[in-house]
Amino acid sequence: MNEPVRKRGRPRLLDREAGLAIAARLFWQRGYEGTSIADLTQAMGITPPSLYATYGSKENLYQLALDHTIAQETGKRAEAMAAAIPAYQALALYLHDVAQGISDPAKPRGCMVSNAVLQHAVENENVAQAVAARRELSIGAMKARFDRAVAEGDLPAATDTDTLARFYSAVVQGMSAQACDGACTAALQKLVDVALSAWPGQRPGAA
């Protein structure tokens, strides 16, 4: 008896989440413009048509990779900022976790979002604006926590919470740049301690 003829199906696509993790790490290491479609397909072990079928475009894949990395890297920070603890303590936990994460030898150096697509070709303006919008959202979230601190008495009523949030966000961006240049975790943790000394409000344990 003859074997039934098997129909040739479409090429099997890479698991979407597995591919996203690979792409996220590659974008983190090389940046958006430094990562080509050829780099991505080689790392994933798929063809360009499979990549486009799964993720739509390089730009869309990058946005998904940013979401993936943010979800993986910022959980502790989000918990700290939302916790029912003094704002100074929340900020300290946040900044120290950043210092640890961006200098972890098991991961690419720096923060994928903080210093992403700052200098770019004209054709990548949309990507740059999208990443800048994410940074603004982060600043806004920090400002909201500081507004809460004002309401709870952890910060003086006259505190310019927007400027304070931008200051500590600038600290994060600066630490990210230094981590990319090779700064170790211990050096960044000391930088965090200096930045925390500028906190204008109540500090747990202070007289």
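Because only heavy atoms are used, hydrogens play no part in the values below, and waters and symmetry mates are left out as well, while side chains stay in.
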Before you tell me yes or no, could you show the steps for Leu61 and Phe27 under side-chain contact (heavy atoms from CB on, under 4.5 Å), namely the whole-Å CA-CA distance, both residues' side-chain angles and the distance that decides it to 0.1 Å? CA-CA 10 Å; Leu61 175 55; Phe27 280 129; 4.0 Å; yes
Tell me, with the steps shown, if Thr159 and Asp147 meet side-chain contact (heavy atoms from CB on, under 4.5 Å). CA-CA 9 Å; Thr159 300; Asp147 287 339; over 6 Å; no
Please walk me through it: do Asn60 and Ser57 pass side chain to side chain donor-acceptor pair (under 3.5 Å)? CA-CA 5 Å; Asn60 191 58; Ser57 66; 5.4 Å; no
Go through the steps to decide whether Val131 and Tyr32 satisfy the test side-chain contact (heavy atoms from CB on, under 4.5 Å), and finish with yes or no. CA-CA 11 Å; Val131 180; Tyr32 180 76; over 6 Å; no
In sequence, state the C-alpha distance, the side-chain angles, and the governing distance for Gln129 and Glu125, and then conclude on side chain to side chain donor-acceptor pair (under 3.5 Å). CA-CA 6 Å; Gln129 289 183 359; Glu125 178 64 24; 3.0 Å; yes
Let me see the working for Glu136 and Arg166 under salt bridge (Lys or Arg N to Asp or Glu O under 4.0 Å), right down to the final yes or no. CA-CA 9 Å; Glu136 281 297 313; Arg166 291 184 181 280; 3.0 Å; yes
Under the criterion side-chain contact (heavy atoms from CB on, under 4.5 Å), I'd like the reasoning laid out for Gln72 against Thr69: C-alpha separation, chi angles, the key distance, then a yes or no. CA-CA 5 Å; Gln72 293 290 317; Thr69 301; 5.7 Å; no
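In the hydrophobic clustering of this structure, Tyr94 does not group with Val113; members are Ile, Leu, Val, Met, Phe, Trp, Tyr whose side-chain heavy atoms approach within less than 4.5 Å, directly or through other members.
Applying the side-chain hydrogen bond (donor to acceptor under 3.5 Å, both in side chains) test to residues at least two apart or on different chains, the pairs with a partner in residues 174-183 are Asn115-Ser176.
Ion pairing between a basic and an acidic side chain is recognised when a charged N comes within 4.0 Å of a carboxylate O; Asp97 and Arg77 show such pairing. With respect to Arg134 and Asp67, a salt bridge is recorded, a charged nitrogen being found less than 4.0 Å from a carboxylate O.
Tyr55 and Leu64 get closest at one heavy-atom pair: CD2-CD1, 4.0 Å. Minimum heavy-atom separation, Trp199 to Tyr168: N-OH, 3.2 Å. Residues Val150 and Ala157 come closest through the heavy atom pair CG1-CA, 3.8 Å.
The number of heavy atoms from other shown groups lying within 6.0 Å of CD (Glu152) is above 12.
At least one side-chain heavy atom of Leu40 sits less than 4.5 Å from a side-chain heavy atom of Leu26. Contact annotation: the side chain of Glu73 approaches that of Lys107 to within less than 4.5 Å [non-hydrogen atoms, C-beta and beyond]. Using a 4.5 Å heavy-atom cutoff, the side chains of Leu164 and Pro200 are in contact. In this structure, the side chains of Val127 and Lys58 stay at 4.5 Å or more apart for every pair of heavy atoms. Contact of the Gln202 side chain with the Pro86 side chain is not registered, since no non-hydrogen atoms from C-beta on lie closer than 4.5 Å. Between Glu59 and Asn126 there is a side-chain heavy-atom pair separated by less than 4.5 Å.
Atom OG of Ser169 and atom CZ of Arg135 lie 11.0 Å apart (nearest 0.5 Å). Rounded to the nearest 0.5 angstrom, Arg145 CZ and Leu91 CG are separated by 9.0 Å. From Thr35, atom OG1 reaches atom CD of Gln29 across 8.5 Å, with rounding to the nearest 0.5 Å. The distance from atom CE of Met112 to atom CD1 of Ile102, rounded to the nearest 0.5 Å, is 15.0 Å.
A donor and an acceptor atom, one from each side chain of Glu33 and His120, are nowhere located under 3.5 Å apart.
Tested against Val171 for a side chain to side chain contact (heavy atoms under 4.5 Å, CB included), the candidates Val98, Val192, Leu188, Leu191 yield a single pass: Leu191.
Not a single side-chain contact (heavy atoms from CB on, under 4.5 Å) links Ala158 to another residue, sequence neighbours left out.
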